[in-house]
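Everything on this sheet refers to the single structure shown next.
Order of appearance sets the numbers: ligands from 1, and atoms from 1 within every ligand. We number each residue from 1, following the sequence as shown.
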Amino acid sequence: MITMTDIIRDGHPTLRKVATEVSMPPTEEEKALLKSMMEYLINSQDPELAEKYGLRGGVGLAAPQINISKRMIAVHVKDENGQQYSYALFNPKIISHSIEKAYLTTGEGCLSVDETIPGYVPRYARITLKGIDLDGKEVKLRLKGLPAIVFQHEIDHLNGVMFYDHINENEPFLPIDNAIPVE
Ligand SMILES: O=CN(O)C[C@@H](CC1CCCC1)C(=O)N1NCCC[C@H]1C(=O)Nc1ccccn1
Ligand code: NI
């Protein structure tokens, strides 16, 4: 199982690499890895398991964070209506997005960044993405709100981008133009 010791931290070069596409069909090893990434998220959101294994809660995880420079992500998050989004995807790609932006009013964190870096992170308010799931099926998702923000944070990891790269250095909490605040 993945624990915090498997998660590399800011400064590790893999976090700044552009991850490689996974050739289809994925190998058994790649499928097992993606499943273990989803398992981490589920474990980390279980208070007992999180406590037992010292897991920091996560709603998303990208393979570069466990030092695997491949385009694989897992997302396990509830939206504001309590709808559960749980997706483990190979080669996710944003195929369209809104002009309008959105941002988490709390700012963002990252399991690969131990310190808190305050500030608003501008994201697209709505995205359409496609990817390949663990059964090898193409998945097309239209997302908004918190799930849309989580997927953008994860896809950034596949391109060597960290959340704080987006924060306005001089005015971290400068209101973002044409943007919806997401609680
Ligand atoms: O790349 C993936 N990561 O680095 C794990 C991150 C991904 C999220 C950060 C902002 C958008 C995606 C993660 O989940 N966290 N970051 C650090 C500790 C807290 C935790 C978190 O934000 N939890 C959360 C957020 C909203 C609602 C409920 N829980
Ligand atoms: Ni992250």
Query - M37 and I66, any side-chain heavy atoms less than 4.5 Å apart - result: yes
Requested in this report: Decide whether N159 and R16 meet the rule of one side-chain donor and one side-chain acceptor closer than 3.5 Å.
Outcome: no
Query - Distance-only side-chain donor-acceptor flag, T128 / S96, under 3.5 Å - result: yes
Query raised in the report: Is there a donor-acceptor pair closer than 3.5 Å between any side-chain N or O of E51 and the backbone N or O of P47?
Result: no
Query - Distance-only polar pair, side chains of D10 and S112, donor-acceptor under 3.5 Å - result: no
Atom pairs and distances, ligand 1 N/O vs protein N/O under 3.5 Å:
unit_1: ligand 1; atom_1: 1 (O); unit_2: Q65; atom_2: OE1; d: 2.9
unit_1: ligand 1; atom_1: 1 (O); unit_2: Q65; atom_2: NE2; d: 3.4
unit_1: ligand 1; atom_1: 1 (O); unit_2: H153; atom_2: NE2; d: 3.1
unit_1: ligand 1; atom_1: 1 (O); unit_2: E154; atom_2: OE1; d: 2.8
unit_1: ligand 1; atom_1: 1 (O); unit_2: E154; atom_2: OE2; d: 3.2
unit_1: ligand 1; atom_1: 1 (O); unit_2: H157; atom_2: NE2; d: 3.0
unit_1: ligand 1; atom_1: 4 (O); unit_2: Q65; atom_2: NE2; d: 3.2
unit_1: ligand 1; atom_1: 4 (O); unit_2: L111; atom_2: N; d: 2.8
unit_1: ligand 1; atom_1: 4 (O); unit_2: H153; atom_2: NE2; d: 3.4
unit_1: ligand 1; atom_1: 14 (O); unit_2: V59; atom_2: N; d: 2.8

Query - Main-chain N/O of H76 paired with Q45 side-chain donor or acceptor, under 3.5 Å - result: yes
Query raised in the report: Can you tell me the N, O or S atom of H157 that's nearest the Ni ion (ligand 2)?
Result: NE2
